[in-house]
Amino acid sequence: MIEGLYYLLALMVTLPFAITFLVYKLSYKFVGEKRYCFHLAIDTTTILYIASVAAIIYSVFSINPISYIFLLLLFILMVCVLIHWKVYTDIIFSHVCKRFWKATFLLFFSLHIITILYGIFYNISKVL
């Protein structure tokens with residue numbers, strides 16, 4: 001039973017695009033509002049993109065990127081707080097957390113695509 005959960009988790013980290021699409025389709029089937037379902041899919045699968053980037057970096061470069069990812073997330077949070085403070089002068093942490101989570105998704109979605117492409121080209125160049 002536990003082994004099946006490991007395989008499911010590995011599949012989710014390996015294919016976050018498919019999980020995002022699946023969450024979107026399932027939520028759209030039950031809710032029906034496209035914008036809400038899109039944001040729900042993004043919010044629920046952000047952690048998968050973070051784990052996926054960490055796994056790809058670990059497999060390509062053989063370094064453990066968890067501490068670097070944690071520092072990057074803290075930096076993104078600080079930037080979000082600073083921007084919110086400059087624009088609105090009052091910091092509302094629910095708004096900051098929402099923007100932080102969206103910025104994290106955008107960054108790690110982009111990093112996921114970049115690391116996948118780099119890993120593919122790196123492995124092809126090793127074979128040739």
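It should be emphasised that the depicted structure is a prediction, and the values quoted were computed from it without experimental measurement.
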To the nearest 0.5 Å, what is the distance between [atom1] ([X]) and [atom2] ([Y])?
X     : Y     : atom1 : atom2 : value
Leu77 : Phe93 : CG    : CZ    : 8.0 Å
Leu26 : Lys29 : CG    : NZ    : 7.5 Å
Ser52 : Ile57 : OG    : CD1   : 9.5 Å
Ile66 : Leu71 : CD1   : CG    : 11.5 Å
Leu74 : Ile69 : CG    : CD1   : 12.5 Å
Met78 : Leu73 : CE    : CG    : 12.0 Å

Nearest heavy-atom pair of [X] and [Y]: which atoms, and what distance?
X     : Y      : value
Ala41 : Val23  : CA-CG1, 3.6 Å
Gly32 : Cys37  : N-SG, 4.3 Å
Val60 : Gly119 : CG2-CA, 4.0 Å

Going only through I, L, V, M, F, W and Y residues with side-chain contacts under 4.5 Å, is there a path from [X] to [Y]?
X      : Y      : answer
Ile47  : Phe109 : yes
Tyr118 : Leu111 : yes
Ile50  : Leu40  : no
Tyr49  : Ile114 : no
Val87  : Phe100 : no

Does a side-chain heavy-atom distance below 4.5 Å link [X] with [Y]?
X      : Y     : answer
Phe108 : Leu72 : yes
Glu33  : Tyr28 : no
Ile63  : Tyr58 : no

>> For Tyr122 and Phe61, I'd like to know if the aromatic rings sit close, meaning centre-to-centre distance below 6.0 Å.
In response: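 Ring-ring flag for Tyr122/Phe61: false, centres at least 6.0 Å apart.
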> Are the ring centres of Tyr68 and Phe75 closer than 6.0 Å?
Replying inline: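 Not close enough - the centres of the two rings lie 6.0 Å or further apart.
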> Can you say whether the rings of Tyr88 and His84 are parallel (under 30°), tilted (30 to 60°) or perpendicular (over 60°)?
Replying inline: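 Taking His84 first and then Tyr88, their aromatic rings sit tilted (interplane angle of 30° to 60°).
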> For Phe38, does the CZ atom sit with more than 12 other heavy atoms under 6.0 Å from it, leaving out its own atoms?
Replying inline: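 Counting neighbours around CZ of Phe38, 12 or fewer heavy atoms of other residues, nucleotides or ligands fall under 6.0 Å, so no.
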>> Donor-acceptor pair, distance only, cut-off 3.5 Å: does the side chain of Ser110 make one with the backbone of Leu106?
In response: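 A pair under 3.5 Å: yes.
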> Do Asp43 and Lys98 sit within salt-bridge range, that is, some charged N less than 4.0 Å from a carboxylate O?
Replying inline: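 So Asp43 does not pair with Lys98 through a salt bridge.
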> Will you find, in the side chains of Tyr36 and Ser27, an N or O donor that is under 3.5 Å from an N or O acceptor?
Replying inline: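 Note: Tyr36 and Ser27 side chains miss the donor-acceptor criterion.
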